[in-house]
Amino acid sequence: MRALAVAALSLASLAASAADAPARVADGILVAANGKTLYTFDNDPAGSGKSVCNGGCAALWPPLMASATDQATAPWGVVTRDDGSKQWSYKGKPLYFYQADQKPGDRTGDNFKSVWHVIKE
């Protein structure tokens, strides 16, 4: 009976984590709640807790913003941007949209300048 209770609790915890996640996998890649593709930037050191894409870079590659009260659980994280705002990260890498992607499923930023990449799962 105890094993069943532990298993049920584990399943409930996984379901809650998935529901609280800032993104999901669709067609093998990570997308935001709006269905738009998310990207990582090779110049962001994994686990550094910050984004190096600010100013004009962030205009072209808008960050996936987090609220000041969002709580992250692995593999999700929240990094602080240069302006003090919060941004979601995945496995230590900040997450971004690509401004040229117009609709869900667009992946036009993949391998842009060999430093921007979709997150394949």
Side-chain angles (χ1 to χ4, degrees):
M1 192 67 160
R2 179 174 157 81
L4 276 176
V6 169
L9 228 132
S10 294
L11 284 174
S13 174
L14 279 175
S17 294
D20 297 337
R24 61 185 168 77
V25 175
D27 296 326
I29 62 159
L30 205 60
V31 300
N34 63 6
K36 289 196 172 180
T37 302
L38 291 166
Y39 298 87
T40 58
F41 184 34
D42 287 349
N43 293 349
D44 282 328
S48 70
K50 63 179 279 134
S51 163
V52 298
C53 180
N54 295 284
C57 177
L60 188 57
W61 297 91
L64 175 61
M65 301 304 293
S67 76
T69 58
D70 280 333
Q71 297 292 312
T73 55
W76 306 103
V78 175
V79 301
T80 302
R81 299 185 50 75
D82 284 357
D83 65 4
S85 63
K86 305 293 184 183
Q87 176 179 2
W88 284 105
S89 66
Y90 182 69
K91 296 181 179 178
K93 298 284 280 187
L95 297 173
Y96 305 88
F97 297 102
Y98 182 41
Q99 188 263 346
D101 286 351
Q102 297 299 305
K103 63 185 182 319
D106 285 354
R107 301 178 188 180
T108 60
D110 192 23
N111 210 32
F112 185 83
K113 294 194 177 186
S114 300
V115 294
W116 291 94
H117 309 284
V118 297
I119 301 105
K120 296 177 183 171
E121 287 293 313

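In what follows, residues are counted from 1 in the order of the sequence shown.
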Nearest heavy-atom neighbours spanning [X] and [Y]:
X    : Y   : result
Q87  : P94 : NE2-CB, 3.5 Å
Y90  : P75 : CE1-CG, 3.4 Å
Q102 : Q99 : NE2-O, 3.3 Å
G77  : A72 : CA-CB, 3.5 Å

Using a 3.5 Å cut-off and no angle test, enumerate the donor-acceptor pairs between side-chain atoms of residues 23-30 and protein atoms at least two apart in sequence or in another chain.
none

Please collect all salt bridge (charged side-chain N to carboxylate O under 4.0 Å, His left out) contacts where either partner lies in residues 87-99, sequence neighbours excluded, each pair once.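 Passing the test, one end in residues 87-99: K91-E121.
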Pairs touching residues 64-79 that satisfy salt bridge (charged side-chain N to carboxylate O under 4.0 Å, His left out), sequence neighbours left out: none
For D106, which residues count as a salt bridge (charged side-chain N to carboxylate O under 4.0 Å, His left out) partner, sequence neighbours excluded?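 Per chain and number, D106 pairs via salt bridge (charged side-chain N to carboxylate O under 4.0 Å, His left out) with K103.
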Of all pairs that satisfy side chain to side chain donor-acceptor pair (under 3.5 Å), the ones with a partner from residues 29-40, not counting sequence neighbours: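 Of all non-adjacent pairs touching residues 29-40, those that pass side chain to side chain donor-acceptor pair (under 3.5 Å) are Y39-D101.
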Test of understanding: clusters of I, L, V, M, F, W, Y form through side-chain heavy atoms closer than 4.5 Å, transitively. Do [X] and [Y] belong to the same one?
X    : Y   : value
V78  : L38 : yes
L64  : W76 : yes
I119 : W88 : yes
W61  : V31 : yes

Residue pairs passing the disulfide (SG to SG under 2.5 Å) test where at least one lies in [range], sequence neighbours excluded:
range           : result
residues 75-120 : none
residues 61-109 : none
residues 62-121 : none

Report, one line per pair, each donor and acceptor closer than 3.5 Å where one atom sits in a side chain of residues 46-54; sequence neighbours left out.
from : atom 1 : to  : atom 2 : distance (Å)
S48  : OG     : P45 : O      : 3.0
S48  : OG     : K50 : N      : 3.4
S48  : OG     : K50 : O      : 3.3
K50  : NZ     : D82 : OD1    : 3.1
S51  : OG     : C53 : N      : 3.1
S51  : OG     : C53 : O      : 3.4
S51  : OG     : R81 : NH1    : 3.0
S51  : OG     : Y96 : OH     : 2.5
N54  : OD1    : R81 : NH2    : 3.1
N54  : ND2    : S51 : O      : 3.2
N54  : ND2    : D82 : OD2    : 3.1

Under 3.5 Å, which donor-acceptor pairs do the side chains of residues 110-117 form with other protein atoms, sequence neighbours left out?
from : atom 1 : to   : atom 2 : distance (Å)
D110 : OD1    : V118 : N      : 3.1
H117 : NE2    : D42  : OD1    : 3.3
H117 : NE2    : D42  : OD2    : 3.0

Run the side-chain hydrogen bond (donor to acceptor under 3.5 Å, both in side chains) test against Y98 and tell me which residues pass, sequence neighbours left out. none
Taking only residues two or more places apart in sequence, or in another chain, which ones meet P104 in a side-chain contact (heavy atoms from CB on, under 4.5 Å)? none
